[in-house]
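Let me begin by presenting the structure, written as C-alpha cells, before commenting on it.
Here the structure is a predicted model, which means the values were calculated and not measured. Reckoned from all heavy atoms, side chains included, excluding hydrogens, waters and symmetry mates. Counting convention: from 1, in listed order, for ligands and their atoms alike.
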Amino acid sequence: MSDTIIALATPPGVSALAILRLSGEASLDIARKLAGDGFEPVPRGAYHRTLRHHQVRLDDVVLTYWKNPHSFTGEDAIEITCHGNPLIAQNILAACLALGARPALPGEFSQRAFLNGKMDLTQAEAIVDLIQAGTDHALAGAQAMQEGKLGAGLQTLRTELINLLAHLEAHIDFPEEDISPDTGQLFRNKVQSVQAEVKRLLATAPYGRILREGIATVIVGEPNVGKSSLLNALLREDRAIVSPSPGTTRDTIEAECNIRGIRLRLIDTAGRRKTDDAIEAEGVRRAEQALAKARLIIHVIDGHLPPPAAAFPLPPLRPDQLKIVVANKSDLGLHSEHDDAVPASTQTADGLAALETRIEQILGDTRSLEETGWLTINARQEACLQRANASLDLAMEAMNRQDPPELISTDLRAALQAIGEVVGLATNEDILDQLFKSFCIGK
Ligand SMILES: Nc1nc2c(ncn2[C@@H]2O[C@H](COP(=O)(O)OP(=O)(O)O)[C@@H](O)[C@H]2O)c(=O)[nH]1
Ligand SMILES: [Mg+2]
C-alpha cells in the first residue's frame, strides 16, 4: 500500500477538463517536482500552477491537495485538473510515473479507501452503482447505500447477534443457572427478528438486479400487428422502421428505455410466421432466440381482429418469464375476445400509460422498496446473506431440538460472520481483490 498510484479519473478523449488522481505517500513530493519547489499547499487548497518536467512545459493546471487521513483514499492525495486533451493528460501521467508513481489498478483507489477504513464494502460497491445508475430509482438506491444505510442496518443485526452470543456464552460458562422458559422464548424471538430482517433484505435482491441491469424485454407477435410502432412509442422516438408491408423488421432491434424508473432492455423482433424468404427466416430465428432469453415478453396482437388461428403459437413460458399481451390498434375498434390483454393504440397513444402501469405491476410490489429509498442488495451481498439465513435456520432448528447451547452458538457465530462479510469484515483477501478489479481504472 505504500506505492503512490496515479490514474486518469475522467473518460479518455477530448473534453474541457481532465482530472488525474495521485494517491500515496509520495503524492505531494511528485507534485512539487512538477509544480516547482515553492509548492507548499494547505490541505484542501486548490492551486493554479504550471507543471514542467525536465524543463518541458506540460500544462497549466489546478492542483488540489488532500492530506491524509482526510482524503478519499485516506492517504495523501493530489488531484490534477488539466486541459481535456488526452495527449496532455498522458504527458502528465508519464511524468508522474517517471517520478516514482505507478499506474493504479482498476478500483485501487476505492480498495485503499476501504482498507483505510474510509468506507465499508457496501459503500465502495455503491460507488459503482452510483456511476452506472440508469434511472432515478437506481440512483436513489445507490445513494442510500453510499450513505451507509445498508451497513448501518447490518451493524444493528450484528450487535443483536453479539448480544445473543454473549448471553449463550454466559450460560455455557455457568450451566447451573437454568435458562427460564421465558428467557428461552425471548431468545428465540430475537433470533427470529434478526432472521426476518435478513429475509427482508434478501427479498430486495431481484429488484437489485432489475435496477442495476435492467430487464431483458422482448416484443413479439405476428407481422404487422404494430410491434415496431410499440417500441417507438415506449422509447418516444422513431427508432424502428414502421411499415404497412408485413415482414419489414428482419433483424432484432435493441434499445433501452426507462418505464417509471425501471430500466427495460427492449428488443423488437421480426414478426413470427413461416416464410420462404431466407433473410426473414433468419429474423424469425433471432426472434425465437430473443424470446428464449427474455425475462419479460410483450406479446402484441392486432386487437381489432379476432384472435389469429394459432399457426405459430408462442412457446410455453419458463417459470421466471413474465408475459403481457397488448391488443394494439384499439383505435380501429376492439374485438371482444381479447379479455386479458391491455388494449392500446400506438397511433393515438391510448392505453400506453395503462401498459406502463401493467409493466410496473407485473414486476412486483415496489412500494416497500420506495419506503427504503430503493435500497437493494447486489449479488455478492445476496450470497453472504443467504449463508446467514441458512445458519439462522440451523440455529432455530437447534433451539427447537433443545440442543446444547454450544451448538446453537456455532450457528449464530456463522450467521454473524456471514453478515460481517457483507460490509467487508473478515472478508477473504482474494475475494476483495476480485471485487475491486470489477471497478474501472481511476475509481
Ligand atoms: N390503426 C392503427 N394502425 C397501427 C397501429 N400501430 C401500428 N399501426 C400500423 O400497422 C402497420 C404495421 O406496424 P409496424 O409497427 O410496422 O408492425 P410490426 O410489423 O409488428 O412491427 C403500420 O402501417 C402501422 O402504421 C395502431 O395502433 N393503430
Ligand atoms: Mg416491425
Side-chain angles (χ1 to χ4, degrees), residues 215-260 264-315 317 321-360 362:
I215 299 173
T217 307
V218 67
I219 303 178
V220 292
E222 306 217 337
N224 235 22
V225 292
K227 298 179 297 299
S228 298
S229 304
L230 183 63
L231 176 89
N232 292 342
L234 291 174
L235 292 178
R236 296 175 177 82
E237 64 176 278
D238 281 338
R239 176 70 203 278
I241 299 173
V242 167
S243 145
S245 56
T248 311
T249 310
R250 293 163 153 232
D251 202 350
T252 49
I253 297 176
E254 299 192 29
E256 281 215 0
C257 79
N258 175 347
I259 304 279
R260 313 257 172 101
L264 298 189
R265 287 183 279 119
L266 277 177
I267 302 183
D268 176 28
T269 61
R272 304 173 70 252
R273 65 169 171 182
K274 298 225 184 308
T275 171
D276 292 332
D277 182 306
I279 299 177
E280 194 186 350
E282 175 61 16
V284 174
R285 199 184 63 79
R286 290 183 188 191
E288 300 304 300
Q289 265 179 353
L291 193 57
K293 282 193 204 144
R295 169 92 200 291
L296 175 63
I297 295 161
I298 300 183
H299 183 194
V300 184
I301 56 178
D302 189 331
H304 94 288
L305 299 175
F312 213 134
L314 286 189
L317 294 189
Q321 284 183 317
L322 304 164
K323 188 174 84 168
I324 297 175
V325 181
V326 176
N328 189 35
K329 308 199 186 183
S330 64
D331 53 295
L332 301 177
L334 268 182
H335 202 273
S336 58
E337 285 178 62
H338 304 299
D339 291 346
D340 61 337
V342 181
S345 165
T346 63
Q347 207 131 84
T348 63
D350 272 347
L352 292 178
L355 173 60
E356 295 194 350
T357 305
R358 178 74 76 93
I359 291 174
E360 208 181 5
I362 198 171

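Using a 4.0 Å cut-off between heavy atoms, V242 contacts ligand 1 through both its backbone and its side chain. When heavy-atom distances to ligand 1 are checked against a 4.0 Å cut-off, L332 comes that close only through its side chain, counted from C-beta outward. Here S243 has backbone heavy atoms under 4.0 Å from ligand 1, and that is the only part of it that gets that close. Heavy atoms from both the backbone and the side chain of V225 come within less than 4.0 Å of ligand 1.
Considering only non-hydrogen protein atoms, atom 18 (P) of ligand 1 sits nearest to K227 N, 3.5 Å. Nearest protein heavy-atom contact of atom 8 (N) of ligand 1 is K329 CE, 3.8 Å. Looking at atom 2 (C) of ligand 1, its nearest protein heavy atom turns out to be Q347 OE1, 3.1 Å. Of all protein heavy atoms, the one lying nearest to atom 15 (O) of ligand 1 is S229 OG, 2.6 Å. Distance from atom 6 (N) of ligand 1 to its nearest protein heavy atom, with residue and atom name: T346 OG1, 2.7 Å. Protein heavy atom nearest atom 17 (O) of ligand 1, with residue, atom name and distance: G226 N, 3.0 Å. For atom 19 (O) of ligand 1, the closest non-hydrogen atom on the protein side is N224 N, 2.9 Å.
Of all atoms in ligand 1, numbered sequentially from 1 with element shown, those under 4.0 Å from a heavy atom of S228 are 15 (O), 18 (P), 21 (O). In summary, the atoms of ligand 1 found under 4.0 Å from a heavy atom of D331, numbered by their order in the structure, are 1 (N), 2 (C), 26 (C), 27 (O), 28 (N).
Counting all heavy atoms, side chain and backbone alike, I362 lies closest to K323 at CD1-O, 3.5 Å. A pairwise comparison of heavy atoms in D268 and A240 identifies OD2-CB, 3.7 Å as the closest pair. A pairwise comparison of heavy atoms in S228 and I241 identifies CB-O, 3.6 Å as the closest pair. Of all non-hydrogen atoms in E280 and T275, the two that sit nearest each other are OE1-OG1, 3.2 Å.
At least one N, O or S atom of S228, from either the backbone or the side chain, sits less than 2.8 Å from the Mg ion (ligand 2). Put simply, T249 gets within reach of the Mg ion (ligand 2), with an N, O or S atom under 2.8 Å from it.
With R295 as the partner, the side-chain contact (heavy atoms from CB on, under 4.5 Å) test is satisfied by one option alone out of T217, V218, L322: L322.
Counting only N and O atoms by type, the side chains of D350 and S345 include no donor and acceptor under 3.5 Å apart.
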Check: Does the salt bridge (charged side-chain N to carboxylate O under 4.0 Å, His left out) test come out yes or no for E288 and R285, once each step is laid out?
Finding: CA-CA 5 Å; E288 300 304 300; R285 199 184 63 79; over 6 Å; no

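Counting non-hydrogen atoms of other residues, nucleotides and ligands closer than 6.0 Å to CG of L317 gives a total above 12.
A salt bridge links R236 with E356: the distance from a Lys NZ or Arg NE/NH1/NH2 to an Asp or Glu carboxylate oxygen falls below 4.0 Å.
Between V242 and T248 the shortest side-chain heavy-atom distance does not fall below 4.5 Å.
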